[in-house]
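None of the values given here were measured: they were computed from a predicted structure.
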Amino acid sequence: MKILIAEDAPSDRLLLKLHLEKLCHDVVETSNGEELVDYFKSHGDDLDLLVVDLNMPYKTGVEAVVEIRGLQGNYDANWVPIIILSGSDSDEDVFRCIEAGADDYLTKPIQHKVLAAKLLAMVRLADMRKRLVLANTSLEALSTTDYLTGLPNRRAFEKNLSDEMAKSLRYGQSLSVAVFDIDHFKQINDTYGHEGGDVVLKEIAKRFNRFKRAGDVFGRIGGEEFGLFLPYTTAQEAVTACERYRMLLSADKYSYESQWINLTVSVGVSAYHNEETQLELIKCADLALYQAKHQGRDRVVLNYAGS
């Protein structure tokens with residue numbers, strides 16, 4: 001491990017460094033709380049453990065720990081365990097250090113075997129924390145990603161749209177929303193089976209991602225329906241962008257088991273005017289999509305009532 005020690009007494013610092021190096025760890029030294037925090041700010045991602053003296057000049061061990069935990073925010077995968085060292089064995093000092101964010105407390109003089117045991121415990125603690133954070137990150141990704149296409153699912157799409165609507169309202173930025181629907185998708189499933197339909201859906205997602213404009217966000221919001229929101233885009237600009245997407249999605253055939261599938265898409269577009277709810281905004285785009293279907297499909301329709 002790479003361990004940063006903060007100890008103002010040169011003799012104690014040397015002894016601690018020797019203990020740690022005998023245990024085959026790399027050691028970085030600082031002599032006060034201010035140096036500790038400064039080093040952590042610039043090299044925190046490279047450290048595996050902090051060993052911090054309680055009573056130091058400029059910043060005490062408790063003050064330094066509080067500041068470091070504040071820099072880390074929520075304990076993420078780069079969270080670093082901290083051991084506080086002190087000549088005091090009072091319950092009050094122990095509680096104060098743990099409450100500040102330290103993970104363990106050792107009294108001086110340091111016993112070599114005790115220190116080794118504490119380091120093993122800190123390694124396990126850090127590893128468990130890291131695995132938990134990574135597992136939670138994976139679960140979050142699963143809960144917000146459409147399993148088939150890899151696009152944001154409806155939940156994630158609506159959450160992102162809500163955030164974008166708030167920015168649009170706050171800064172007066174243009175924002176448009178569109179709903180894409182594959183025409184006659186049931187016929188594709190009936191002709192090629194659901195596996196063929198799944199191939200089409202995955203390829204559409206790939207084309208979306210390959211050709212999308214910077215800032216545009218696609219999501220799969222239903223079986224064969226895809227949502228799109230376009231930040232900094234007026235209604236007419238959105239129609240132009242969606243017309244381009246429509247052509248890109250239908251220009252080339254889709255390959256499935258040596259067969260070629262032709263398809264078209266219909267698109268409904270609506271613009272946000274800082275007064276609609278998210279549900280109303282999506283409903284406006286849905287109504288435009290219904291009009292596109294009614295007018296013969298394979299087209300982009302703008303909901304003028306909402307523009």
Side-chain angles (χ1 to χ4, degrees), residues 144-158 160-161 176-213 216-230 233 235-272 276 278-307:
T144 57
T145 303
D146 176 61
Y147 74 96
L148 182 66
T149 63
L151 294 173
N153 61 18
R154 188 180 189 102
R155 172 191 172 195
F157 178 81
E158 291 182 350
N160 292 334
L161 175 57
S176 296
V177 172
V179 178
F180 288 67
D181 186 87
I182 303 173
D183 296 327
H184 304 296
F185 186 68
K186 184 177 183 302
Q187 291 182 12
I188 294 175
N189 276 335
D190 290 345
T191 304
Y192 302 99
H194 288 287
E195 289 185 0
D198 287 350
V199 167
V200 166
L201 292 170
K202 287 189 282 189
E203 178 59 25
I204 280 180
K206 288 180 183 178
R207 294 187 188 184
F208 270 143
N209 286 327
R210 190 182 310 139
F211 298 114
K212 73 175 184 177
R213 307 181 314 163
D216 289 356
V217 175
F218 286 97
R220 186 183 178 199
I221 59 175
E224 67 270 22
E225 276 196 351
F226 297 85
L228 164 68
F229 64 81
L230 307 93
T233 306
Q236 290 301 327
E237 290 169 340
V239 168
T240 301
C242 288
E243 182 65 26
R244 172 179 169 272
Y245 286 129
R246 182 190 66 78
M247 291 188 293
L248 286 169
L249 293 175
S250 58
D252 295 327
K253 297 178 181 180
Y254 293 72
S255 175
Y256 173 65
E257 293 188 346
S258 301
Q259 302 177 80
W260 294 101
I261 303 173
N262 285 307
L263 64 80
T264 60
V265 295
S266 299
V267 189
V269 178
S270 183
Y272 179 49
E276 309 94 327
Q278 183 185 103
L279 181 62
E280 290 169 339
L281 182 58
I282 294 176
K283 186 176 180 180
C284 284
D286 274 331
L287 288 172
L289 174 63
Y290 175 80
Q291 292 170 9
K293 295 284 190 181
H294 186 69
Q295 293 172 20
R297 298 180 171 83
D298 191 22
R299 67 194 65 220
V300 177
V301 171
L302 171 64
N303 187 338
Y304 286 97
S307 36

Kindly indicate whether the side chain of Tyr254, heavy atoms from C-beta on, has any atom under 4.5 Å from the side chain of Val199. no
About how many Å separate CD of Gln291 and CZ of Arg299, when rounded to the nearest 0.5 Å? 11.5 Å
OG1/Thr149 to CZ/Phe226 distance, rounded to the nearest 0.5 angstrom? 6.0 Å
Could you please spell out the steps behind the side-chain contact (heavy atoms from CB on, under 4.5 Å) verdict for Leu302 and Gln236? CA-CA 8 Å; Leu302 171 64; Gln236 290 301 327; 3.6 Å; yes
Heavy-atom pair of closest approach, residues Ser266 and Lys293: OG-CD, 3.8 Å
What closest approach, in Å, do Ala238 and Val269 show between heavy atoms, and which atom pair accounts for it? CB-CG1, 3.8 Å
Test side-chain contact (heavy atoms from CB on, under 4.5 Å) on Glu243 and Val267 and set out the steps. CA-CA 8 Å; Glu243 182 65 26; Val267 189; over 6 Å; no
Scan Val265, Leu201, Asp190 and name whichever one has a side chain to side chain contact (heavy atoms under 4.5 Å, CB included) with Phe185. Leu201
Indicate yes or no for a side-chain donor-acceptor contact from Arg213 to the backbone of Leu230 under 3.5 Å, with no hydrogens or angles considered. no
Evaluate the side-chain contact (heavy atoms from CB on, under 4.5 Å) criterion for residues Phe208 and Leu249: first the C-alpha distance (whole Å), next the side-chain angles of each, then the deciding distance (0.1 Å), finally the verdict. CA-CA 8 Å; Phe208 270 143; Leu249 293 175; 3.6 Å; yes
Closest approach of Arg207 and Asp252, non-hydrogen atoms and distance? NH1-O, 3.0 Å
Calculate, to the nearest 0.5 Å, the distance between atoms CG and CD1 belonging to Asn209 and Ile204 respectively. 12.0 Å
Let me confirm one number: the CG-CG distance from Leu287 to Asn303, rounded to the nearest 0.5 Å. 6.0 Å
Run Ile261 and Tyr192 through side-chain contact (heavy atoms from CB on, under 4.5 Å) and show every step you take. CA-CA 9 Å; Ile261 303 173; Tyr192 302 99; 3.6 Å; yes
On a heavy-atom basis, which atom in Ala285 and which in Val177 lie closest, and how many Å separate them? CB-O, 4.1 Å
Determine, for Asp181 against Arg297, whether the closest basic-nitrogen to carboxylate-oxygen distance falls under 4.0 angstrom. no
Considering non-hydrogen atoms only, spot the tightest contact between Phe218 and Phe157 and give its length. C-CD1, 4.2 Å
What residue pairs, at least two apart or across chains, pass salt bridge (charged side-chain N to carboxylate O under 4.0 Å, His left out) with a residue in residues 218-230? Asp146-Arg220
What do the steps show when you test Glu280 against Lys283 for salt bridge (charged side-chain N to carboxylate O under 4.0 Å, His left out), and what is the final call? CA-CA 5 Å; Glu280 290 169 339; Lys283 186 176 180 180; over 6 Å; no
With rounding to the nearest 0.5 angstrom, report the OG1 to CE distance, Thr264 to Met247. 13.5 Å
Heavy-atom closest contact (Ile221 atom, Arg154 atom, distance): O-NH1, 2.8 Å
Do Ile282 and Leu161 make a side-chain contact, defined as non-hydrogen atoms from C-beta onward lying under 4.5 Å apart? yes
Looking at Tyr272 versus Phe229, is the centre-to-centre ring distance below 6.0 Å? no
Straight-line distance of Leu148 CG to Asp198 CG, nearest 0.5 Å: 4.5 Å
